[in-house]
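Read through the structure below, which is laid out as structure tokens, and then see the notes.
Quick caveat, the model's predicted, so the values are computed rather than measured. First listed ligand is number 1; within each ligand, the first listed atom is number 1.
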Amino acid sequence: MTSNVCVLGAGRMGSSIARTLLDRGYTTWVWNRTAAKCEPLAALGAKVVPSVEAGIQAAEIVIINVLDYAASDALLKRDGIASALAGKAVVQLTSGSPRLAREEARWVEAHDAGYLDGAIMATPDFIGKPETALLYSGSRDVYEKHKSLLFALGGGTSYVGELPGQASALDTALLTQMWGGLFGALQGMAVAEAEGLDLETFRSHLSAFKPVVDAALFDVVDRTNARRFAGDDATLASLGAHYSAFQHLLEAWEERGLDAAMPRAMDMIFRQALSRGRMEDDFASLAPLFR
Ligand code: NAD
């Protein structure tokens with residue numbers, strides 16, 4: 001059972017992590033560039049350390065959550081720190097790319113410490129909840145040894161694999177869904193309002209339509225996984241049918257003078273496939289164009 005944990009970074013997310021650990025009874029050391037941000041945590045029982053070195057020395061597991069890897073590197077990649085890390089477990093919860101995670105793993109392991117890279121699939125208010133997902137990759141030993149602490153941060157925690165970049169890669173892949181949906185909503189609202197519909201009407205119909213969209217989303221993933229690109233009896237709508245409906249949207253955008261940069265990019269992708277005679281194929285047949 002982990003007893004001593006240090007959280008480097010007491011911003012929105014780092015503070016939520018530290019609060020949750022304190023709430024679960026972990027002895028929690030905290031450090032932040034501006035010490036004032038540690039005060040509310042100290043009031044909850046956190047032990048505020050004057051330096052990164054002191055935090056690392058006090059704890060067996062070091063959780064880092066600062067703005068980005070450049071900030072994290074500036075904290076860690078210094079002489080005194082590197083030697084203090086030996087024998088510790090480092091859990092990097094700062095967002096970064098798969099490449100940064102791989103490089104960090106090499107550096108930490110070269111200093112005789114264990115490395116786990118994490119991706120937080122939640123906002124600070126979700127930390128500590130049973131449904132909250134955090135993804136980890138890297139040292140399986142670190143994950144197994146500190147599992148109860150990691151699960152305290154989110155009951156939906158999972159281990160993605162030993163390659164350190166994989167948690168970040170999965171995070172990036174999943175975030176495409178968020179931005180796809182959010183940009184789609186921005187475009188949808190523009191069309192709705194241009195045609196005199198209010199956004200409450202848009203919202204209520206969006207929620208009714210969502211199960212259909214979700215089903216189509218999982219269908220395109222399953223079909224791509226099976227490389228079932230040709231249209232068949234289970235095809236929900238052929239590429240030709242999708243394209244015909246899509247033309248109405250393009251027309252509406254253009255008629256109302258809305259910004260059509262995104263729909264035009266989608267139109268180009270449709271056209272690439274259709275120029276190769278894919279009219280009857282499944283929507284999933286677009287997948288190879290993204291590789
Ligand atoms: P924040 O702006 O509230 O906090 C940033 C923290 O980084 C602060 O503690 C600040 O002191 C520290 N920092 C910045 N530059 C520094 C430097 N040069 N040296 C030392 N410390 C430095 O941001 P946040 O929302 O807490 O996000 C922190 C990390 O968590 C980011 O990598 C973010 O992508 C990730 N994250 C945040 C959320 C979220 O919803 N807020 C969700 C998932 C992941």
Q) Is Lys145 paired with Asp141 through a side-chain N to carboxylate O contact shorter than 4.0 Å? A) no
Q. How far apart are the C-alpha atoms of Leu134 and Leu150, what are their side-chain angles, what is the distance that settles it, and do they pass the side-chain contact (heavy atoms from CB on, under 4.5 Å) test?
A. CA-CA 8 Å; Leu134 287 92; Leu150 299 175; over 6 Å; no
Q. Who gets closest to atom 36 (N) of ligand 1 by heavy atom: Gly11, Ser15, Ser95, Ser72?
A. Ser95
Q. Does Ala122 come within less than 4.0 Å of ligand 1, judged by its heavy atoms?
A. yes
Q) How does Ala70 reach ligand 1, if at all, at less than 4.0 Å between non-hydrogen atoms: by side chain, backbone, both, or neither? A) neither
Q. In a check of side chain to side chain contact (heavy atoms under 4.5 Å, CB included) between Ile64 and each of Val91, Leu76, Leu93, Val52, which one passes?
A. Leu76
Q.
Using a 3.5 Å cut-off on N or O atoms only, is Val66 in polar contact with ligand 1?
A. yes
Q. Is it the side chain (CB and beyond), the backbone, both or neither of Thr123 that lies under 4.0 Å from ligand 1, heavy atoms counted?
A. both
Q) Within less than 4.0 angstrom of ligand 1, does Ala74 place any heavy atom? A) no
Q: Considering only protein heavy atoms, determine whether one is less than 4.0 Å from atom 34 (O) of ligand 1.
A: yes
Q. How far is atom 19 (N) of ligand 1 from its nearest protein heavy atom, and which residue and atom is that?
A. Arg33 CD, 3.8 Å
**Q.** Atom CZ of Arg276: over 12 foreign heavy atoms under 6.0 Å
**A.** yes
Q. Linking I/L/V/M/F/W/Y whenever any side-chain heavy atoms sit under 4.5 Å apart, do Met268 and Met262 land together?
A. no
Q: Check whether any N or O atom of Met13, backbone or side chain, sits under 3.5 Å from an N or O atom of ligand 1, and answer yes or no.
A: yes
Q | Heavy-atom nearest neighbour in the protein, as seen from atom 28 (C) of ligand 1, with distance rounded to 0.1 Å | A | Asn65 OD1, 3.3 Å
Q: Would you please indicate if the ring centroids of Tyr159 and Tyr136 are separated by under 6.0 Å?
A: no
Q. Is the NZ atom of Lys210 crowded by more than 12 outside heavy atoms at less than 6.0 Å?
A. no
(Q) So is Thr34 touching ligand 1 or not, going by heavy atoms under 4.0 Å? (A) no
